[in-house]
Undergrad: 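Got a structure here, written out as structure tokens. Questions coming.
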Amino acid sequence: MKTIEIERKFLVHNEAWRASVTSAHVFRQGYLTRGELSLRVRTIDGQSAWLAVKFEKYGLRREEYEYEIPYEEAVELLARVTGGIVEKTRYTVPHGGFNWEVDVFGGRHSGLTIAEIEMDSEGNKPSLPTWLSREVTADKRYSNRSLATSQLASHVTSNPDACPLEPLESPLIQGG
């Protein structure tokens with residue numbers, strides 16, 4: 001199914017979000033990539049699997065086509081990915097009328113926690129929880145594709161407080 005993904009990403013600097021968790025799922029995912037086009041293979045809770053075609057991002061928007069595939073085929077595809085497998089547990093955390101997705105990474109990115117919010121339009125102005133640190137929406141190092149194909153420096157994953165929450169003004173979002 002085709003969708004337009006509109007999202008923002010933030011580092012997380014404490015565990016206060018855990019008190020509001022409504023669900024959790026374990027993801028394993030990897031990427032088959034060529035240029036700006038990526039094909040993501042994802043398994044969820046060791047039971048279901050999805051294939052997503054993602055195109056280049058423009059501002060906060062990206063076209064995405066996502067399809068459920070047989071779990072066994074996803075496992076075969078994960079053996080062929082570029083780079084490595086991203087392991088994370090995704091928690092759903094409601095806040096201010098939006099559902100935040102908090103990804104706690106394992107494996108080679110253990111210690112990294114990123115919160116994402118998907119929005120209906122780039123004009124949405126969600127309330128930012130106090131447990132957020134700096135926004136990393138425009139920082140490609142924090143894309144799941146980059147995490148699958150590279151290693152973040154340990155100081156980046158272990159100390160998000162070194163980068164306090166920045167104002168909403170950014171190259172992507174104007175006017176707060």
Undergrad: Is there a path of hydrophobic side-chain contacts, each under 4.5 Å between heavy atoms, that joins W17 and L128?
TA: yes
Undergrad: Hey, does R40 have a side-chain heavy atom less than 4.5 Å from the side chain of E66?
TA: yes
Undergrad: Please tell me whether L51 and V53 are part of a single hydrophobic cluster in this structure, the criterion being side-chain heavy atoms less than 4.5 Å apart.
TA: yes
Undergrad: State, to 0.1 Å, how close G107 and E87 come at their nearest heavy-atom pair, and which atoms those are.
TA: N-OE1, 4.1 Å
Undergrad: Starting from L60, can I reach F98 by hopping between I/L/V/M/F/W/Y residues whose side chains sit under 4.5 Å apart?
TA: yes
Undergrad: In Å and rounded to the nearest 0.5 Å, what is the CZ to CD distance from R8 to E122?
TA: 11.0 Å
Undergrad: Which pair of heavy atoms, one from A49 and one from P70, lies closest together, and at what distance?
TA: CB-O, 4.2 Å
Undergrad: Can you tell me how far the OG1 atom of T137 sits from the CZ atom of F10, to the nearest 0.5 Å?
TA: 5.5 Å
Undergrad: Hey, can you tell me if Y67 and Y65 have their rings parallel, tilted or perpendicular (30° and 60° cut-offs)?
TA: parallel
Undergrad: Is the shortest heavy-atom distance from the side chain of L147 to the side chain of Y31 under 4.5 Å?
TA: no
Undergrad: Does H95 reach the side chain of L132, with side-chain heavy atoms less than 4.5 Å apart?
TA: no
Undergrad: What closest approach, in Å, do W100 and S127 show between heavy atoms, and which atom pair accounts for it?
TA: CZ2-O, 3.7 Å
Undergrad: Out of the candidates E101, E116, E118, only one should pair with K9 under the salt bridge (charged side-chain N to carboxylate O under 4.0 Å, His left out) rule; please name it.
TA: E116
Undergrad: Any luck finding a side-chain donor-acceptor pair between S23 and T92 under 3.5 Å?
TA: yes
Undergrad: Taking a hydrophobic cluster as the set of Ile, Leu, Val, Met, Phe, Trp and Tyr residues connected by side-chain heavy atoms closer than 4.5 Å, whether directly or through intermediates, do I117 and I4 fall within one such cluster?
TA: yes
Undergrad: Is a salt bridge present between K54 and E64, judged by a nitrogen-to-oxygen distance below 4.0 Å?
TA: yes
Undergrad: Whether the side chain of N14 engages the backbone of A16 through a donor-acceptor N/O pair (distance < 3.5 Å, no angle test) should be reported.
TA: yes
Undergrad: Considering all heavy atoms of both residues, which atom of S20 and which atom of V93 are nearest to each other, and what is their separation?
TA: CB-CG1, 3.8 Å
Undergrad: For F27, which of D45, I44, I85, T89 qualifies under side-chain contact (heavy atoms from CB on, under 4.5 Å)?
TA: I44
Undergrad: Do the side chain of S133 and the main chain of H13 share a donor and acceptor less than 3.5 angstrom apart?
TA: no
Undergrad: Looking at CZ of R61 and CE of M119, how far apart are the two atoms once the value is rounded to the nearest 0.5 Å?
TA: 10.0 Å
Undergrad: Please say yes or no: joined through hydrophobic side-chain contacts below 4.5 Å, possibly via intermediate residues, are I69 and L78 part of one cluster?
TA: yes
Undergrad: Could you tell me which non-hydrogen atom of A74 sits nearest to which non-hydrogen atom of T43, and how far apart they are?
TA: CB-CG2, 3.9 Å
Undergrad: Does a side-chain heavy-atom distance below 4.5 Å link K88 with H109?
TA: no
Undergrad: If hydrophobic residues (ILVMFWY) are linked whenever their side-chain heavy atoms come closer than 4.5 Å, directly or via other members, who joins V26 in its cluster?
TA: none
Undergrad: Answer yes or no: is there an ion pair linking R62 with E7, defined by an N-O contact shorter than 4.0 Å?
TA: no
Undergrad: Taking the side chain as every heavy atom from C-beta outward, state whether L11 and L112 have any pair of such atoms under 4.5 Å apart.
TA: yes
Undergrad: Between G84 and R108, what is the shortest heavy-atom contact and its length?
TA: N-NH2, 3.7 Å
